[in-house]
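One structure is given here, and the rest of the page talks about it.
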Amino acid sequence: MTNLFEYAPAPESRSIVDVAPSYGLFVDGEFVDGSGTPFKTVNPATEEVLSEVASATDADVDRAVRAARRAFTRVWGPMRPADRGKYLFRIARLLQERAREFAVLESLDNGKPIRESRDVDVPLAAAHFFYHAGWADKLDWAGLGPGPRPLGVAGQVIPWNFPLLMLAWKVAPALATGNTVVLKPAETTPLTALLFAEVCRQADLPPGVVNIVTGAGDTGRAVVEHEDVDKVAFTGSTEVGRSIARAVAGTRKRLTLELGGKAANIVFDDAPIDQAVEGIVQGVFSNQGHVCCAGSRLLVQESVHDEVIASLQRRIGTLRLGHPLDKNTDIGAINSAEQLARIRELSEVGEAEGANRWQPACELPERGFWFPPTVFTDVSPAHRIARDEVFGPVLSVLTFRTPDEAVAKANNTTYGLSAGIWTEKGSRILAVADRLRAGVVWANTFNQFDPTSPFGGYKQSGYGREGGRHGLAAYLEGAQ
Amino acid sequence: MTHVLDPDAPAAANPPRREPPAPYRDVTRSDAAFRAFLHGLPGVDQVGAESRVAVLGTRSIKTTAKAWAIDTAISMVDLTTLEGADTPGRVRSLAAKARRPDPGDPTTPPVAAVCVYGDLAGVAKEALTGTGISVAAVATAFPSGRASRAVKLADVRDAVANGADEIDMVIDRGAFLAGRHLDVFDEIVAVKEACGDAHLKVILETGELVTLDNVRRASWLAMLAGGDFIKTSTGKVSPAATLPVCLVMLEAVRDFRAATGRQVGVKPAGGIRTTKDAIKHLVLVNEVAGPEWLSPDWFRFGASSLLNDLLLQRQKLRTGHYSGPDHVSVD
Amino acid sequence: MSDRLAVRKTYKLYVNGAFPRSESGRTYEVTDARGGFLANAAQASRKDARDAVVAARTAFGKWSGATAYNRGQVLYRVAEVMEGRHAQFCEEVAAGEGLSASRARAAVDAAVDRWVWYAGWTDKLGAVLGGANPVAGPYFDFSLPEPTGVVAVLAPQRSSLLGLVSVLAPVLAGGNTAVVVTSRTRPLPAVTLGEVLATSDVPGGVVNLLTGDAGEIGPWLAEHDDVDAIDLTGAPADRAMELERLAAGSIKRVVRPPAEEPDWSADPGLSRLTPFLETKTVWHPMGL
């Protein structure tokens with residue numbers, strides 16, 4: 001039946017952001033030109049070029065690291081911890097004040113729905129600064145051993161899926177513990193990091209404490225391999241994580257990695273079905289599935305398989321795919337042509353290997369990068385779509401008969417970032433959570449994040465934690 | 001005219017048990033079986049339900065969609081007065097408002113029904129004859145439901161005899177909470193029979209059921225017993241209608257239709273005062289039960305002050321400027 | 001001294017609770033600090049390492065799933081049984097490391113006490129390293145330490161007993177299982193320790209001791225996809241970087257070798273426990 005209640009377009013105004021035609025690097029408190037060939041950042045929903053962004057060469061990165069070192073030795077290291085905290089509180093407040101601007105810019109540059117950037121990314125980023133601000137003068141009580149000291153200069157490389165939020169996850173703990181930072185945002189989503197640089201200036205953060213170098217893989221490599229970097233923090237693919245681990249081998253650099261995942265979302269037959277369906281949808285389709293902890297493998301008990309799939313398909317049919325700045329959009333644009341190609345390729349492999357592809361009737365905009373929410377049923381654990389991280393809105397459905405089988409299948413992956421459990425039986429939740437080899441387990445919920453709650457993986461999903469007391473250890477000398 | 005308790009009415013204590021529709025025919029064969037069935041329904045995680053309605057609450061309904069939503073909401077209102085101080089005069093004035101909610105704008109649709117106590121149903125009927133607006137009467141010892149079944153059934157018959165097209169009954173929450181589910185079921189069946197052709201709305205009084213699990217069970221119980229609508233509240237107990245409760249009830253009617261083929265309506269009542277609240281409910285209907293429920297036949301608002309806010313918002317959309325309370329009628 | 005001719009011991013590997021010879025059939029000569037012959041030790045091969053990893057993986061479920069109290073008692077039992085072999089350990093340490101009797105005794109005392117220290121840690125880690133996280137929402141959220149899995153340990157080359165226990169016991173206390181390459185030139189206390197472990201309620205496969213060359217076996221362990229972490233403390237200095245690079249292939253947790261072998265008698269704190277612990281965070285809604 002035709003829907004009588006067709007929501008009229010409800011676009012968030014773009015006029016709140018002022019995207020400059022070009023951006024430099026943010027080094028030592030100033031915007032400066034980069035020496036490399038500038039690159040364009042596009043709006044993935046329209047393929048419109050948003051801006052031209054400087055590319056940092058080895059020499060530029062070197063200048064940034066030297067600025068960070070100077071700031072560490074002269075200003076930020078010696079500063080009273082309480083004052084460091086106050087700077088972070090300022091940043092948190094500035095992010096809240098300019099929240100709408102950040103949200104719109106994030107959606108423009110990344111393609112994610114404004115509802116998510118407005119209600120998730122930006123508020124959580126501000127919360128991370130607020131939380132870590134309070135730690136700055138309380139590190140002696142963090143239970144990480146006596147007299148924790150900062151490491152020095154942190155080189156941080158972050159991905160394109162949550163550009164501002166990942167910046168917050170990296171920068172806030174580094175600064176709270178007294179380190180200074182050279183951060184490289186992803187090349188397809190540099191704009192909110194550059195707006196953050198402006199926030200640092202409004203906060204009067206001393207020059208050199210935060211430096212932002214934009215560029216592609218070579219810039220990232222320069223940050224990671226710079227001799228005067230004491231600490232490397234990376235979020236991104238397992239493949240790049242591996243090469244970074246190799247690059248820092250044999251050095252004194254400390255390393256934390258937050259890498260890929262292939263999370264199992266386990267639905268038992270006594271689950272609260274409507275909320276489980278919601279959790280499945282949230283788990284794999286939010287942010288277009290560009291989430292390392294996405295619940296991309298649905299493990300459903302055979303006895304409720306048909307019921308769950310029917311509910312799931314009905315629910316997916318109500319998802320609204322479209323312009324990221326429309327407040328009613330649930331699924332935005334895929335971040336880049338490259339990522340879209342990968343999602344398409346893996347989906348084709350899925351079909352070729354014999355799984356059943358289902359997609360709702362869904363019109364895709366003509367321009368931009370789009371992929372409809374997709375469910376593969378009849379997936380076998382040997383299929384690539386059951387093993388490889390798709391990093392897109394693609395769900396693979398597998399079945400199980402007993403809790404033992406569920407746990408065995410859930411753990412049958414080289415990753416170990418997250419997992420979900422849906423059952424109304426409390427003791428089963430605790431037993432299954434105990435046996436899952438994953439760093440974050442969501443029971444009767446999914447994709448929840450909080451600055452107080454440590455996040456990070458087992459196995460090839462990486463090492464180290466971000467958030468909470470645990471996250472501080474990565475940035476402190478002698479932390480145990 | 002007033003009906004008194006009829007001493008010749010058939011004994012209400014043991015009416016033949018009506019079978020629920022297939023595929024649930026045997027679930028009422030015993031108290032234990034019925035309990036097992038109701039408790040075997042999937043649980044509701046409260047936090048998950050709340051976060052679902054919170055996300056749906058961010059839907060931004062603008063321009064043409066908003067105009068459609070406001071008119072649809074007006075047409076779904078059961079314009080209600082349920083006060084001890086109600087008089088025929090007040091009911092007549094409410095009936096006038098129901099027919100032409102905005103005297104200044106004849107394009108404004110009429111409401112769905114006027115909802116009154118049973119003794120005033122005749123007054124309402126007279127005032128609404130020929131308008132297509134229904135008369136709804138609350139019955140069964142509304143709002144507490146604490147009376148013998150004979151009294152409750154007499155209450156229903158009385159209201160129907162007075163001209164009520166729709167009966168809003170209350171379930172026996174005490175029996176439900178005590179686990180006597182079959183008693184509640186049998187009573188709804190008996191009331192349904194007493195209704196004759198009148199439509200039956202079953203008030204669950206969700207504020208007294210407290211948990212969303214109970215809301216889901218009571219919804220199914222009422223639908224299995226033959227209720228045409230399930231309704232959240234009497235309006236006399238706080239909290240009355242809430243979005244999570246409405247969500248669970250909409251899921252119940254959706255699932256019930258999928259299983260039995262029979263469509264049941266939903267009526268949130270009490271506490272819905274603003275256009276924004278009403279639109280949030282319509283979004284819920286649209287995305288949870290589906291657009292098939294987006295009509296006064298299947299969704300109602302039990303409300304009084306809501307109508308005026310809908311009218312003010314309607315005027316704003318039409319004229320492009322804001323209005324004030326003196327531009328809608330006080331009832 | 002009696003005239004009785006001593007019965008000498010054959011020093012073998014300790015894998016999966018048994019004492020096999022190396023599958024390669026190789027042995028190498030172990031001498032005392034002055035170069036005198038002590039014994040022929042089994043020289044473990046890459047295939048021995050492979051078998052040891054399988055044993056450690058198999059044993060992991062039960063050992064990591066045991067209660068912390070139970071693991072604590074098992075580790076304490078190791079101390080008790082070691083104490084009973086005190087004299088033998090002293091002799092082997094003195095001979096291998098060239099220590100005076102009193103310094104050898106001090107090393108053995110410290111090694112026994114180290115088991116006791118870690119035995120007491122097993123059921124405190126959860127409280128010290130875990131806890132509830134006050135998230136901004138209606139959820140109960142808690143974090144707990146869990147063992148990383150199978151840990152490869154290249155044991156210190158000089159401190160053949162105290163150093164070995166200092167790197168092994170924390171791996172076990174956290175609930176991990178271990179594949180250890182012992183000191184190459186001073187392997188005998190390790191083999192005797194294996195005999196202690198075999199008789200101390202430590203389930204077979206939880207600890208696997210390979211005598212031989214860390215430079216030879218280390219790369220196989222570093223590159224092994226089913227090894228979750230590697231402690232490079234006893235790695236040859238010129239090979240450490242290569243081993244760390246190999247370990248990157250499967251994102252292993254790596255403990256880098258110290259610039260020089262530390263004084264093992266110092267208080268270790270948590271520094272050798274946390275590298276082999278993961279933090280698991282669990283969320284659950286709170287609703288009626």
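Numbered from 1 within each chain, the chains take letters A, B, ... in sequence-line order. We use all heavy atoms of the structure for the numbers below, so side chains are in, but hydrogens, waters and symmetry mates are not.
Listed options A:Gln275, A:Arg118, A:Arg320 were ranked by heavy-atom pairs under 4.5 angstrom with chain B; first place goes to A:Gln275. Contact count versus chain A (heavy atoms, under 4.5 Å) is highest, among B:Pro42, B:Ala49, B:Ser60, for B:Ser60. Contact tally against chain A (heavy-atom pairs below 4.5 Å) for B:Gly43, B:Gly48, B:Gly290: the top residue is B:Gly43. Interface remark: of the candidates B:Thr72, B:Asp255, B:Thr58, B:Thr58 forms the most heavy-atom pairs closer than 4.5 Å to chain A. Of the listed residues (A:Gln282, A:Arg315, A:Lys327), the one with the most heavy-atom contacts under 4.5 Å to chain B is A:Arg315. For chain A, the option among B:Lys62, B:Arg254, B:Glu287 with the highest count of heavy-atom pairs below 4.5 Å is B:Arg254. Per-residue heavy-atom pair counts under 4.5 Å with chain A were compared for B:Thr63, B:Ile61, B:Val55, and the maximum is reached by B:Ile61.
Sparse packing is recorded around CZ of B:Arg35, with 12 or fewer heavy atoms of other residues, nucleotides or ligands lying under 6.0 Å away.
One finds a salt bridge joining B:Glu166 and B:Lys201 here, because a Lys/Arg side-chain nitrogen approaches an Asp/Glu carboxylate oxygen to under 4.0 Å. Here A:Glu116 does not pair with A:Lys112 in a salt bridge; the nearest charged N to carboxylate O distance is not below 4.0 Å. Salt-bridge annotation for B:Asp105 and B:Arg314: present, with a side-chain N of the basic residue lying under 4.0 Å from a carboxylate O of the acidic one.
For A:Thr445, no part lies near chain B; criterion is any non-hydrogen pair under 4.5 Å. With a 4.5 angstrom heavy-atom cutoff, A:Asn328 touches chain B via backbone and side-chain atoms both. Heavy atoms closer than 4.5 Å to chain A are found nowhere in B:Leu41, neither backbone nor side chain. Neither the backbone nor the side chain of A:Asp326 comes within less than 4.5 Å of any heavy atom in chain B. Of the two parts of B:Glu251, only the side chain, counted from C-beta on, holds a non-hydrogen atom closer than 4.5 Å to a non-hydrogen atom of chain A. Heavy atoms closer than 4.5 Å to chain B are found in the backbone of A:Ala271, but not in its side chain. Residue B:Val248 does not touch chain A at all, counting heavy-atom pairs closer than 4.5 Å.
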Discussion item. Is there a side-chain contact (heavy atoms from CB on, under 4.5 Å) between A:Phe268 and A:Val432? Walk through the geometry before answering.
Written reply: CA-CA 11 Å; A:Phe268 288 96; A:Val432 172; 4.1 Å; yes
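Residues B:Tyr24 and B:Trp220 place their aromatic rings such that the two centres sit under 6.0 Å apart.
Considering B:Met249, B:Arg173, B:Lys231 as possible partners of B:Leu204, the one that fulfils the side-chain contact (heavy atoms from CB on, under 4.5 Å) test is B:Met249.
B:Gln313 contributes no side-chain N or O that, together with a main-chain N or O of B:Asp309, makes up a donor-acceptor pair within less than 3.5 Å.
Annotation: cation-pi pair B:Arg300/B:Phe229 present, NZ/CZ under 6.0 Å from the ring centroid and within 45° of its normal.
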